[in-house]
Amino acid sequence: MTDTTPVDETAPAAASPTAGTEDRGSNRSQRPVSEAFKAFITSQWGERADLGVEPGEAVPYTAERRAKLSARFPGARLVVPAGPLKVRSNDTDYRFRPHSAFAHLTGLGTDQEPDAVLVLHPVADGEGDPDGNGNGTHHHAVLYVRPLAARDTEEFYADSRYGEFWVGARPSLDDVTTLTGIEARHVDELRDALAKDVGADGVRVLVVTGADENVETLVEAIREEAGVEAEAEDEQLVEATSEIRLVKDALELEHLREAVARTIEGFEQVVPALPKAVAHRRGERVIETTFDAHARLEGNTVGYETIAAAGEHATTLHWITNDGVVRSGELVLLDAGVEVDSLYTADITRTLPVDGEFTDVQRRIYTAVLDAADAAFAVAKPGAKFRDIHAAAMEVIAERLEEWGLLPDGVTAEVSLSPEGQQHRRWMVHGTSHHLGLDVHDCAQARRELYLDGVLEPGMVFTIEPGLYFKADDLAVPEEYRGIGVRIEDDVLVTADGNENLSAALPRRPEDVEAWMARLRG
């Protein structure tokens with residue numbers, strides 16, 4: 001990777017020993033800054049190529065999403081940051097991903113527009129339709145972005161974070177407006193725009209917290225200058241940006257279907273790679289990199305760190321170290337999802353026999369988990385509560401553990417299922433479902449009454465993922481169970497009269513899994 005620290009080559013060879021550490025990068029850089037260089041590098045350039053920006057497919061959908069948010073906060077200025085670039089190490093950044101609330105309301109995905117801020121400016125009643133979308137919004141949306149810099153600026157050639165010479169051409173303000181359907185203005189105008197008319201009897205400014213610390217600090221400074229407080233309403237704004245995502249629109253469902261399809265393809269690539277995984281000292285990494293390479297080629301990246309857990313590692317719920325061996329005769333638990341360019345992700349788990357066939361005890365445990373999942377599917381329909389999904393799965397898990405004699409003496413499945421019992425949860429401490437979308441654990445800031453206690457509606461998408469995990473040193477179970485972890489996870493859409501398993505194309509029944517693996521292995 002090329003060095004990113006500018007320095008004047010006419011300066012002394014080394015910085016002062018007393019210089020601050022932030023200045024010491026100049027000890028090693030060899031980038032020219034002479035006036036002759038500046039004059040030459042900023043001259044003799046042809047016209048920039050047209051980026052060919054066209055209106056994004058999300059434009060009408062994001063307008064509706066912003067209208068829903070607008071209706072909750074009439075009269076308030078709503079600030080939704082994309083977030084800044086984040087340092088990976090020293091002067092290198094992680095690949096940028098915008099905050100999910102920002103992506104949902106603008107339609108921007110992949111690595112688009114670090115430091116951008118969406119602001120919904122309040123408009124007075126009777127001012128018509130400020131955004132021209134016919135949705136009766138109470139706000140006018142403006143995107144404050146860092147646009148493409150001219151080639152006679154230092155940013156063009158010397159700014160390793162934003163400069164065209166380093167990271168490519170940024171879109172112009174007109175490009176951003178065309179792509180998103182939102183008026184775009186320079187981010188340098190943000191402070192004045194946020195401060196306008198703020199006061200005790202004027203506009204309230206609310207900000208989505210947790211996205212950009214610098215924007216939060218700016219908003220707080222504006223509030224202090226105006227003598228107003230609104231921190232409690234910030235929390236309400238964060239809640240609202242989660243809650244308007246609980247029911248997916250048609251475009252979101254299209255993107256989720258795409259993410260599921262690409263994820264299934266990734267699972268199909270893993271199966272033929274299992275012999276290589278068995279032969280490698282880090283076999284789990286063979287599985288992980290096989291899937292992750294597919295995710296990067298066919299999507300944006302993975303939606304979360306891939307769990308490739310072989311043998312006893314499958315009893316660790318979020319095993320992402322993925323440095324273990326893969327042994328014949330054992331199971332491997334693959335929990336993975338492709339995030340597509342729109343940033344919507346799938347989240348699917350299959351537990352596979354490394355050799356392609358389950359042993360009797362593996363099949364017994366796997367079938368119990370599958371039965372629990374099927375019970376959860378049976379109740380996942382409009383009118384049920386979200387918590388009913390978990391309860392249905394737990395009934396099966398507790399009954400099966402009682403049948404196997406694994407519950408403590410005198411404890412029946414009924415006793416274990418009581419709030420005072422819960423002994424069966426020793427072997428499944430996690431929940432059965434979570435909402436899915438832009439975040440793998442989507443809508444996480446929604447209020448309890450709308451999430452855990454919420455009523456299922458058509459358009460909701462969530463996982464169903466029961467499991468059983470028997471650790472290698474668990475003396476409460478027979479030896480034959482120890483070291484086996486099984487989870488089966490599917491992505492589920494609530495429909496008008498029931499549900500649809502979006503990931504049904506990936507086999508679930510043990511005999512189907514075995515046949516599928518045999519076919520893929522040829």
Side-chain angles (χ1 to χ4, degrees), residues 263-295 306-337 348-374 400 404 427-428 465-474 477-490 503-522:
T263 299
I264 291 173
E265 292 170 357
F267 274 75
E268 290 173 339
Q269 292 195 13
V270 164
V271 172
L274 287 175
K276 180 181 177 182
V278 172
H280 198 283
R281 62 186 175 84
R282 286 179 160 184
E284 291 174 340
R285 293 268 171 103
V286 173
I287 295 169
E288 174 192 356
T289 56
T290 298
F291 185 88
D292 288 11
H294 170 78
T306 297
I307 299 169
E312 204 269 339
H313 286 164
T315 68
T316 299
L317 301 181
H318 285 174
W319 175 259
I320 59 172
T321 306
N322 299 339
D323 62 353
V325 298
V326 177
R327 298 182 178 90
S328 295
E330 294 188 338
L331 300 174
V332 60
L333 187 157
L334 178 58
D335 185 335
I348 300 173
T349 306
R350 290 293 184 267
T351 306
L352 309 175
V354 172
D355 295 330
E357 294 185 0
F358 293 95
T359 67
D360 289 343
V361 67
Q362 290 168 353
R363 185 182 295 268
R364 184 186 316 149
I365 296 168
Y366 186 98
T367 300
V369 174
L370 180 62
D371 291 345
D374 288 345
R400 208 59 53 88
W404 296 341
W427 298 289
M428 183 184 153
E465 51 176 312
L468 281 170
Y469 314 90
F470 301 104
K471 290 192 171 292
D473 56 356
D474 187 349
V477 301
E479 186 173 355
E480 64 177 347
Y481 288 83
R482 297 174 194 167
I484 296 178
V486 173
R487 180 163 65 251
I488 304 169
E489 179 179 20
D490 286 287
S503 47
L506 201 59
R508 300 169 70 247
R509 296 190 306 168
E511 59 271 28
D512 294 336
V513 170
E514 291 173 336
W516 171 74
M517 293 182 70
R519 175 177 60 80
L520 291 172
R521 283 177 155 175

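Residue indices begin at 1 and follow the sequence shown.
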* Search all heavy atoms of Thr290 against all heavy atoms of Ala273 and return the closest pair with its distance. => OG1-CB, 3.9 Å

* To do: Before accepting this row, confirm whether a basic side-chain N of the pair Arg482/Asp473 lies closer than 4.0 Å to the acidic partner's carboxylate O.
  => no

* **Backbone of Thr321 reached by a side-chain donor or acceptor of Arg285 within 3.5 Å** => yes

* Nearest non-hydrogen partners of Thr367 and Pro510, listed with the distance -> OG1-CG, 4.1 Å

* In terms of ring plane angle, is the pair Phe470 and Trp404 parallel, tilted or perpendicular, where the classes change at 30° and 60°? -> tilted

* Can you measure from CD (Gln362) to CD (Glu357) and round to the nearest 0.5 angstrom? => 11.0 Å

* Asked: Is Asp355 paired with Arg521 through a side-chain N to carboxylate O contact shorter than 4.0 Å?
  -> no

* Asked: Ala505 and Ile264: which non-hydrogen atoms are nearest, and at how many Å?
  -> CB-CD1, 3.8 Å

* Sequence neighbours excluded, which residues qualify as ring-ring contact (aromatic ring centres under 6.0 Å, His included) partners of Phe358? -> Tyr366

* **Arg327 with Glu312: basic N within carboxylate O range, under 4.0 Å** => no

* Less than 4.5 Å apart, any side-chain heavy atom of Val325 and any of Glu330? -> no

* Is the closest side-chain heavy-atom distance between Pro353 and Val332 below 4.5 Å? -> no

* To do: Begin from the C-alpha positions of Val326 and Val286 and carry the test side chain to side chain contact (heavy atoms under 4.5 Å, CB included) through to its verdict.
  => CA-CA 9 Å; Val326 177; Val286 173; over 6 Å; no

* Asked: Do Arg508 and Asp374 meet the salt-bridge criterion of a basic N to acidic O distance under 4.0 Å?
  -> yes

* Asked: Does the pair Thr263 and Ser503 meet the rule for a side chain to side chain contact (heavy atoms under 4.5 Å, CB included), with working shown?
  -> CA-CA 9 Å; Thr263 299; Ser503 47; over 6 Å; no

* To do: Report the C-alpha separation of Leu520 and Val270 in whole Å, then their side-chain angles, then the decisive distance to 0.1 Å, and conclude whether the side chain to side chain contact (heavy atoms under 4.5 Å, CB included) test is met.
  => CA-CA 9 Å; Leu520 291 172; Val270 164; over 6 Å; no

* Structure fact -> Sequence neighbours excluded, the answer for ring-ring contact (aromatic ring centres under 6.0 Å, His included) partners of Trp516 is none

* Asked: If you round to the nearest 0.5 Å, how far is CZ of Phe267 from CE of Met517?
  -> 11.5 Å

* Hey, what do you get for CZ (Arg364) to CD1 (Ile484), rounding to the nearest 0.5 Å? -> 9.0 Å

* Report the distance from atom CG of Leu334 to atom CG of Leu352, rounding to the nearest 0.5 Å. => 6.5 Å

* To do: Could you tell me whether Arg363 and Glu514 have a side-chain N and a carboxylate O separated by less than 4.0 Å?
  => yes

* **Distance-minimising heavy-atom pair for Ala314 and Tyr469** => O-CD2, 3.4 Å

* **Side-chain donor/acceptor of Arg400 to backbone N/O of Ile365, under 3.5 Å** => no

* To do: Could you tell me whether the side chain of Arg350 and the main chain of Pro507 form a donor-acceptor pair under 3.5 Å?
  => yes

* **Nearest non-hydrogen partners of Ser328 and Val278, listed with the distance** => OG-CG1, 4.1 Å

* To do: Would you tell me whether Asp474 and Trp427 have side-chain atoms, one donor and one acceptor, within less than 3.5 Å of each other?
  => yes

* To do: List in chain and number order the residues that pass side chain to side chain contact (heavy atoms under 4.5 Å, CB included) with Ile320, two or more places apart in sequence or in another chain; answer none if no residue qualifies.
  => Glu305, Ile307

* Can you tell me how far CD1 of Ile488 sits from OG1 of Thr349, rounded to the nearest 0.5 angstrom? -> 9.5 Å

* Structure fact -> CG (Asp292) and OG1 (Thr306) are apart, to the nearest 0.5 Å, by 3.5 Å

* Asked: Passes side chain to side chain contact (heavy atoms under 4.5 Å, CB included), Leu331 versus Val354? Steps please.
  -> CA-CA 6 Å; Leu331 300 174; Val354 172; 6.0 Å; no

* With respect to Asn322, which candidate in Glu284, His313, Glu288 satisfies the side-chain hydrogen bond (donor to acceptor under 3.5 Å, both in side chains) definition? -> Glu288

* **Heavy-atom side-chain contact between Arg487 and Pro466 under 4.5 Å** => no

* Heavy-atom check, side chain of Val486 versus side chain of Leu333, under 4.5 Å -> no

